[in-house]
Amino acid sequence: MAFVTRAVKGTHDLFGDPLAYHRAIVDAARRWAEAAGAAEIATPIFEFTEVFERGVGPTSDIVQKEMFTFSDRAGRSLTLRPEGTAGVVRAYNEHGMKVWPQPVRLWYAGPMFRAERPQKGRQRQFHQVGYEVLGSDQPELDAEAVALSYHILASLGLRNMRLLLGSVGDPADRERYNAYLRELLAPHAARLSEDSRRRLVTNPMRILDSKNSGDRALLAELDVRPMLAFLGSEAKAHFEAVRARLGALGVPYEVDPSIVRGLDYYVRTSWEIHHDELGAQSALGGGGRYDGLSELLGGPPAPGVGWALGIERVALAMEAEGLSPAPAPALDLYIVPLESSLVPRALEVAARFWPELRVQYALKARKPGKGLQEAEKKGARFAALLGPDEATAGTLTVKNLETGEQHTLPLEEVREWVGKGGRA
RNA sequence: GUGAGCGUAGCUCAGCUGGUUAGAGCACCGGUCUGUGGAACCGGGGGUCGUGGGUUCAAGUCCCAUCGCUCACCCCA
């Protein structure tokens, strides 16, 4: 096992069952996103570092300590994307999507990269599906986005999840709230954790998110007023409108008055979906509104709202609830040459059935018994014997491995019979 | 970045207080089986016991270091 080369820490080869989950989750997301009229977009997995520094925010943990950043040969700083939204907004601006009929709905799926210490539900390369609506700040779109993120998870069969909805207000509201927090907490700075003392200067709201027990105890004593109490009239009206739309859509949620998101670009609506059986990393996904992001990236004003789901985490949640994805499609037919001179012929026959049927063939001559056994092991629905008689007659002796029914048929009829058996 | 636990075949593991050429089950390949399967039996390939040092007559077993994995902190998807 002491291989010289191995996968980099926190990265994984994806195949078999985990890949089946992955595909099922992306398929569900595609189905719902496209139902809402979204078009797929695939942006590069690396961007100029600036895209994330300015987009995600220089004070965010992601930018400060979690990015894979490197230089290209011309000395420009590039970064493996730690999230999907900044790149999508960059593409929206770069391709002049503001002249498309607004709003523009986009969805994506792909790998993201963060240089964190791996643990359950957290890899250095992980995968997300995401949804972004750009070009309008109407509350219907917030509700639409929240509803889609919820329905996708529900359609996969998940039940034990909690949708937490809040608002981080407009930038001016946040400034007032941060000022309030600084004033409230500064006298108690000595009791705060080191991280939280730093946050007191950079971003006091993040202190509310701390899991440090000392921080939590202090916050409980101080009876901190929530962000929601500081919403300006516009942000407040927007939040109430989103709640009303969501209620009308029948999406179950709890208001979390102190919700804080780790990405600096969020304004107003903000939500997370948690699952209780995931361990420490309990967020399946989250999203929010980011009306100022386009300008941060040097573009025209383009309000937006979107979300991302962590594919690996959704897969963990499905496993925890005993949900399995559909198995990989089985082989339709396995061709068994009875003499070694017929191996090339087996290939020719297989090739003739592609791609209508999934067909494989034995690379060595097999006795009929062994051949059928092998077909069974490969998960084939039918096995075909190819002996001298069949080769001469241009036929195959085909057997349904489930029922035992067997016929010697010309190739066209084999195609018909096997094809009729139905494919997953 | 910090802490804890764990590293023996592809997988799951056994290997007692250090003592012959390191084992089992599953999987893989072949045979018993010269046109009919899922079984059984027999055989085969595959391990520098994570790596490097040390202690010892002797190390998979003890010590140190290192790497890796896992979980938690932190943070988030």
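All values derive from a computational prediction rather than experimental measurement. Each chain gets a letter, A, B and so on, in the order the sequences are listed, and its residues count up from 1. The analysis underlying the following values was restricted to heavy atoms, covering all of them including side chains, and did not include hydrogens, waters or symmetry mates.
- Glu116(A) contributes no side-chain N or O that forms a donor-acceptor pair with the base of C73(B) under 3.5 Å.
- Each of Lys9(A) and Ala280(A) lies near RNA chain B, and the nucleotide nearest Lys9(A) is the one positioned closer to the 5' end.
- Side chain of Pro118(A), nearest nucleotide from C28(B), U70(B), U36(B): U70(B).
- Note: Thr43(A) OG1 to Arg90(A) CZ = 6.5 Å, rounded to the nearest 0.5 Å.
- The same atom, P, is picked in C73(B) and in G46(B); the two are 45 Å apart, to the nearest Å.
- Side-chain polar atoms of Asp142(A) and His238(A) form a donor-acceptor pair below 3.5 angstrom.
- Rounded to whole angstrom, the span from the CD1 atom of Ile62(A) across to the P atom of C76(B) amounts to 7 Å.
- On the P atoms, G53(B) is 36 Å away from A72(B), given to the nearest whole Å.
- Across all strands shown, Gln123(A) has heavy atoms under 4.0 Å from base atoms, whether or not it also approaches the sugar-phosphate.
- Comparing the C1' positions of G10(B) and G3(B) gives an interatomic distance of 33 Å, to the nearest angstrom.
- Taking atom C1' in both G50(B) and U17(B), the straight-line distance is 26 Å, to the nearest Å.
- Checked by distance alone, Glu390(A) brings a side-chain donor or acceptor within 3.5 Å of a matching partner on the base of G35(B).
- Contact annotation for Gly387(A): base contact, defined as any heavy-atom pair under 4.0 Å involving a base atom.
- Applying a 4.0 Å cut-off to non-hydrogen atoms, none of the residues of residues 38-46 of chain A approaches RNA chain B.
- For Lys399(A), the side-chain atoms get nearest to U36(B) when compared with the rest of G30(B), U36(B), C28(B).
- Comparing C28(B), C73(B), U36(B) by their nearest atom to the side chain of Gln119(A) picks out C73(B).
- At a threshold of 4.0 angstrom between heavy atoms, the contacts of Leu284(A) are confined to the sugar-phosphate backbone, with no base atom among them.
- The six-membered or imidazole ring of Tyr131(A) lies near that of Trp307(A), with a centre-to-centre distance under 6.0 Å.
- Atom C1' of C62(B) sits at a distance of 29 Å from the matching atom of U2(B), rounded to the whole Å.
- Under 3.5 Å, the side chains of Arg243(A) and Tyr253(A) contain a donor-acceptor pair of N or O atoms.
- Spacing between A58(B) and G18(B) at atom C1', rounded to whole Å, works out to 8 Å.
- Contact annotation: Lys65(A) does not reach the phosphate of C74(B) (side-chain N/O to OP1 or OP2, under 4.0 Å).
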Parsed dot-bracket for RNA chain B after applying the Watson-Crick and G-U rules with both distances under 3.5 Å and | for other-strand partners is (((((((..((((.....[...)))).(((((.......))))).....(((((..]....))))))))))))....

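- In this model, a donor atom of one side chain and an acceptor atom of the other lie less than 3.5 Å apart for His127(A) and Glu312(A).
- Nearest nucleotide to the side chain of Lys367(A), out of C74(B), U32(B), U36(B): U32(B).
- Comparing G35(B), U70(B), C76(B) against the side chain of Arg313(A) picks out C76(B) as the nearest.
- Set against A77(B), C29(B), U70(B), the side chain of Gln128(A) has A77(B) as its closest nucleotide.
- Nearest to the side chain of Pro368(A), among A77(B), U36(B), C29(B), sits U36(B).
- Across the P atoms, C33(B) and A24(B) are found 27 Å apart, a figure rounded to whole Å.
- The same atom, C1', is picked in G52(B) and in A59(B); the two are 15 Å apart, to the nearest Å.
- Residue Asn400(A) contributes atom CG, which lies 19 Å from atom P of U36(B) at whole-angstrom precision.
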Close N/O contacts between protein and nucleotides 39-45 of chain B (under 3.5 Å):
none

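- When each of G3(B), U36(B), A77(B) is scored by its nearest atom to the side-chain atoms of Arg117(A), the top-ranked nucleotide is G3(B).
- Between Arg122(A) and the phosphate of C73(B), there is no side-chain N or O to OP1/OP2 separation shorter than 4.0 Å.
- The side chain of Thr397(A) sits closest to G35(B) out of U70(B), A77(B), G35(B).
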